[in-house]
Engineer: 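Have a look at this one before I ask anything.
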Amino acid sequence: MLNYLWAFMILIGVIFGAFNGKMGEVTEAAIESSKEAVSLCIMLVGVVAMWTGLMKIAEKAGLIKGLTKKMRPILRFLFPKVPDNHPAQRYIATNIIANMLGLGWGATPPGLKAMEELQKLNKDKSIASTAMCTFLIINISSVQLISVNILAYRAQYGSENPAEIIGPSILATIVSTLVGVIFAKIMMKVSRK
């Protein structure tokens, strides 16, 4: 569906440019945007490599395992039907930690593994369990302490203070996560009736 939306917007832009005699400017903008996209991708590769490497180091050093243990009370509250020491807990914790660091791309693999493990616990395989829905809500809203993507974009485009968005980002993601958790808990109670 998104492919159709993007194609439609590009087509409208080209048609509008053609009717207004601005095809040269449309072509020039396409070439400039292509250069900028490649430049941004190259810059982001370094950021992604650094943070993904740090997550791997943290995992190998046992920090993820230690943080998972410290997060158990929260995980038990959010996912009461997931047994202690189940692999889903580790994957959920890793996903949450990666999201807190603003590593959406680093959070995806453990997020997918968490969903696989939660599906194993799911009694009705045809619909998502409450734990799966709760995890999805938390994953989407994700409290971010460091918005790595946005910091990288702001630095790339010459912001004088790329980190000035950290405070508002933390506040916005805390609020969205709390609302998501409250919604998930309400839905859990409704589904039990």
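In this chain, numbering begins with 1 at the start of the sequence shown. Remember, predicted model here, so these are calculated numbers, not experimental data.
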Engineer: Backbone N or O of A29 within a donor-acceptor pair of the S33 side chain at under 3.5 Å?
Structural biologist: yes

Engineer: If hydrophobic clusters are built by linking Ile, Leu, Val, Met, Phe, Trp and Tyr wherever their side-chain heavy atoms come under 4.5 Å apart, do I174 and I165 end up in the same one?
Structural biologist: yes

Engineer: Can you tell me how far the CG atom of N122 sits from the NZ atom of K120, to the nearest 0.5 Å?
Structural biologist: 13.0 Å

Engineer: Do I10 and I15 land in one hydrophobic cluster if side-chain heavy atoms of ILVMFWY residues count as linked below 4.5 Å?
Structural biologist: no

Engineer: Are K81 and L121 packed together at the side-chain level, in the sense that at least one heavy-atom pair is separated by less than 4.5 angstrom?
Structural biologist: no

Engineer: So which heavy atom on I137 is nearest to which on G180, and how close?
Structural biologist: CG2-CA, 3.3 Å

Engineer: For N99 and A107, which heavy atoms make the closest approach, and how far apart are they?
Structural biologist: OD1-CB, 3.5 Å

Engineer: Hey, quick one: are V26 and M9 part of the same hydrophobic cluster, counting side-chain heavy atoms closer than 4.5 Å, chains of contacts allowed?
Structural biologist: no

Engineer: I92 and side-chain contact (heavy atoms from CB on, under 4.5 Å): which partner among I138, I97, N139, L118?
Structural biologist: L118

Engineer: A side-chain contact here means heavy atoms from C-beta on lying under 4.5 Å apart; do F135 and M132 qualify?
Structural biologist: no

Engineer: Is it true that, when you exclude Y157 itself, more than 12 heavy atoms of the residues, nucleotides or ligands shown sit nearer than 6.0 Å to its OH?
Structural biologist: yes

Engineer: Go through it in stages, so that I can follow the logic: the residues are N85 and R72, the test is side-chain contact (heavy atoms from CB on, under 4.5 Å), and I'd like the CA-CA distance, side-chain angles, deciding distance and then a yes or no.
Structural biologist: CA-CA 9 Å; N85 298 320; R72 265 205 194 111; 2.3 Å; yes

Engineer: How long is the gap from CZ on F183 to CG on L178, to the nearest 0.5 Å?
Structural biologist: 15.0 Å

Engineer: In Å, rounded to the nearest 0.5 Å, how long is the span from OH of Y4 to CG of L11?
Structural biologist: 14.0 Å

Engineer: For E28, does the CD atom have more than 12 heavy-atom neighbours from other residues, nucleotides or ligands under 6.0 Å away?
Structural biologist: no

Engineer: The test is side-chain contact (heavy atoms from CB on, under 4.5 Å); show your working for M115 and L136 and say whether it passes.
Structural biologist: CA-CA 9 Å; M115 280 298 200; L136 186 61; 4.0 Å; yes

Engineer: If you compare all heavy atoms of T177 against all heavy atoms of S141, which two are closest, and at what distance to 0.1 Å?
Structural biologist: OG1-OG, 3.1 Å

Engineer: Under 6.0 Å from the NZ atom of K125, do we count more than 12 heavy atoms belonging to anything else shown?
Structural biologist: yes

Engineer: Shared ILVMFWY cluster between I140 and V175, side chains joined below 4.5 angstrom?
Structural biologist: no

Engineer: Which distance, rounded to the nearest 0.5 Å, do you find between the CG of L63 and the CD1 of I57?
Structural biologist: 10.0 Å

Engineer: Flag the pair M100 / T173 as yes when at least one side-chain heavy-atom distance between them is below 4.5 Å, and no otherwise.
Structural biologist: no

Engineer: Does anything in residues 157-181 pair up under salt bridge (Lys or Arg N to Asp or Glu O under 4.0 Å), and if so which pairs, sequence neighbours excluded?
Structural biologist: R154-E164

Engineer: Look at the side-chain heavy atoms of Ile, Leu, Val, Met, Phe, Trp and Tyr, link any pair under 4.5 Å apart, and say whether L75 and L112 land in one connected group.
Structural biologist: no

Engineer: V82 versus Q89: any side-chain heavy-atom pair under 4.5 Å?
Structural biologist: yes

Engineer: Considering only heavy atoms from C-beta outward, does the side chain of M71 approach that of I96 to under 4.5 Å?
Structural biologist: yes

Engineer: Could you state the interatomic distance from NZ (K65) to OG1 (T94), rounded to the nearest 0.5 Å?
Structural biologist: 12.0 Å

